[in-house]
Trainee: 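Once you've had a glance at the structure underneath, I'll fire off some questions.
Counting convention: from 1, in listed order, for ligands and their atoms alike. Each residue takes its place number in the sequence, starting with 1.
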Amino acid sequence: MDSMEVNKGIAAILVAGILFFLTGLIGDALVRERLPEKPALSIAAAPAASGAGAQPAALPPIAPLLASADPAAGEAIAKKVCVACHTFTKGGKAGVGPNLYGVVGAPHGHMEGFNYTAGLKAKQGPWTYEELNEWLRKPNSFVPGTRMAFAGINSDKQRADVIDWLRTLSDNPEPLPSPDQAPAAAPAPAAAPAPAAPAAPKP
Ligand code: HEC
């Protein structure tokens with residue numbers, strides 16, 4: 001008799017447990033179904049990437065974004081997020097990451113004596129705006145295995161703001177790219193001909 005009651009009690013607890021578990025599963029399933037909606041937005045916004053389906057590399061060109069970027073907003077983001085690992089002043093010490101003064105247009109791995117990963121050092125040529133855009137979107141996909149343990153900045157606008165501010169960290173800031181410049185322009189040698197120069201009203 002008594003053990004019957006006990007069994008019933010155990011059964012009730014088991015059933016409650018199973019229900020709890022199932023509710024969890026259902027909840028998970030519901031939440032998971034919502035997720036794909038967001039990526040769908042950015043895919044739709046990207047101009048038809050010819051066939052290269054799986055790659056999320058279809059970043060909008062950075063030049064037009066830079067033309068309307070807000071370096072002050074970029075500074076605020078950098079001093080909130082990047083400052084955990086980076087310094088920005090001229091001659092600043094390395095932290096977890098290298099000092100970032102003058103990085104725009106400098107060679108990859110630009111800080112003397114910093115122990116960069118081989119993947120980053122293997123990148124050829126100077127840091128271009130396009131590359132910084134890719135890097136800050138997802139460091140680990142631009143340089144697989146990088147030690148920059150940072151997920152990336154999803155917002156195109158915020159990345160442009162940050163890059164626009166990084167550009168000011170220089171004795172001689174790189175000119176902004178012309179907004180209608182073709183995004184795929186090969187890493188051009190910095191010798192841009194004169195006509196582009198007056199179009200840089202930025203500080
Ligand atoms: C968790 C620490 C961490 C955070 C946060 C971080 N970085 Fe880094 N960063 C690193 C490390 C480490 C490296 C060196 C990577 C390597 O060697 O692969 C690096 C490298 C870089 C480089 C390349 C420097 C060079 O000399 O080539 C740039 C540019 C950069 N970071 C920008 C940023 C910006 C902008 C942010 C904020 C949006 C940021 N990082 C946030 C750790 C970090």
Trainee: Below 4.5 Å, heavy atoms only, C-beta onward: do Y129 and R167 meet side chain to side chain?
Mentor: yes

Trainee: Going by the order shown, which atoms of ligand 1 are within less than 4.0 Å of some heavy atom of H108?
Mentor: 27 (O)

Trainee: Out of all atoms in ligand 1, which are within 4.0 Å of some heavy atom of A149? Include the element for each.
Mentor: 1 (C)

Trainee: Can you name the nearest heavy-atom pair linking N99 to H110, along with the distance?
Mentor: O-CE1, 2.9 Å

Trainee: Can you tell me the protein heavy atom closest to atom 23 (C) of ligand 1 and the distance?
Mentor: W127 CZ2, 3.6 Å

Trainee: Given Y101, which of D171, T89, T87 fulfils the side-chain hydrogen bond (donor to acceptor under 3.5 Å, both in side chains) condition?
Mentor: D171

Trainee: Looking at D164 and P71, what are the two nearest heavy atoms and their distance?
Mentor: OD2-CD, 3.4 Å

Trainee: Output the list of atoms in ligand 1 that are nearer than 4.0 Å to some heavy atom of T146, sorted by atom number.
Mentor: 15 (C), 16 (C), 18 (O)

Trainee: Quick one: closest heavy-atom pair of V104 and E174, and the distance?
Mentor: O-CG, 3.6 Å

Trainee: Which value, rounded to 10°, describes the NE2(H86)-atom 8 (Fe) of ligand 1-SD(M148) angle?
Mentor: 170°

Trainee: Please state which option from G74, A106, C82, G109 has its nearest heavy atom closest to atom 36 (C) of ligand 1.
Mentor: C82

Trainee: When you measure from the heavy atoms of V143 to every atom of ligand 1, does any distance fall below 4.0 Å?
Mentor: no

Trainee: Among all protein heavy atoms in this structure, tell me which lies nearest to atom 1 (C) of ligand 1, with the distance rounded to 0.1 Å.
Mentor: C85 SG, 2.7 Å

Trainee: At their closest point, which heavy atom of N140 faces which heavy atom of T146, and how far apart are they?
Mentor: OD1-N, 3.7 Å

Trainee: Any idea which of W135, F88, Y116, Y101 brings a heavy atom closest to atom 29 (C) of ligand 1?
Mentor: W135

Trainee: For P98 versus H86, what's the shortest heavy-atom pair and its separation?
Mentor: O-ND1, 2.7 Å

Trainee: To the nearest 0.1 Å, how far is atom 13 (C) of ligand 1 from its closest protein heavy atom, and which atom is that?
Mentor: P98 CD, 3.5 Å

Trainee: Relative to ligand 1, is H110 under 4.0 angstrom through side chain, backbone, both or neither, heavy atoms considered?
Mentor: both

Trainee: Would K138 pass as a cation-pi partner of F150, given that its NZ or CZ must be under 6.0 Å from the six-membered ring centre and within 45 degrees of the axis?
Mentor: no

Trainee: Please work out whether the ring planes of W127 and H108 are parallel, tilted or perpendicular, with thresholds of 30° and 60°.
Mentor: tilted

Trainee: What do the steps show when you test F88 against V83 for side-chain contact (heavy atoms from CB on, under 4.5 Å), and what is the final call?
Mentor: CA-CA 8 Å; F88 308 107; V83 74; 4.1 Å; yes

Trainee: Nearest 0.5 Å please: distance from the CZ atom of R159 over to the CG atom of L59.
Mentor: 5.5 Å

Trainee: Report the part of K121 (side chain from C-beta onward, or backbone N, CA, C, O) that has a heavy atom under 4.0 Å from ligand 1; answer both or neither where that applies.
Mentor: neither

Trainee: Which ligand 1 atoms, with their elements, are less than 4.0 angstrom from a heavy-atom of V81?
Mentor: 5 (C)

Trainee: Checking a contact table here: which protein heavy atom is nearest atom 32 (C) of ligand 1, and how many Å away?
Mentor: L100 CD1, 3.6 Å

Trainee: Would you mind telling me if ligand 1 is within reach of the side chain of F150, the backbone, both or neither, using heavy atoms under 4.0 Å?
Mentor: side chain

Trainee: Which atoms of ligand 1 sit under 4.0 Å from any heavy atom of V96?
Mentor: 12 (C)

Trainee: Number the atoms of ligand 1 from 1 as they appear, then name those within less than 4.0 Å of a heavy atom of V162, with their elements.
Mentor: 35 (C)

Trainee: Identify the two heavy atoms, one from N133 and one from P60, that lie closest to each other, and give their separation to 0.1 Å.
Mentor: ND2-O, 3.7 Å

Trainee: Show which atoms of ligand 1 fall inside a sub-4.0 Å distance from at least one heavy-atom site of T117.
Mentor: 16 (C), 17 (O), 18 (O)

Trainee: Which part of L120 is near ligand 1, with near meaning a heavy atom under 4.0 Å away: side chain, backbone, both or neither?
Mentor: side chain

Trainee: Is ligand 1 less than 4.0 angstrom away from at least one heavy atom of A84?
Mentor: no

Trainee: Salt bridge or not for D156 and R137, using N-O below 4.0 Å?
Mentor: no

Trainee: Indicate, as side chain, backbone, both or neither, the part of I153 found under 4.0 angstrom from ligand 1 when only non-hydrogen atoms are considered.
Mentor: side chain

Trainee: Does the residue L132 have a heavy-atom contact with ligand 1, meaning some pair of atoms that are separated by less than 4.0 Å?
Mentor: yes

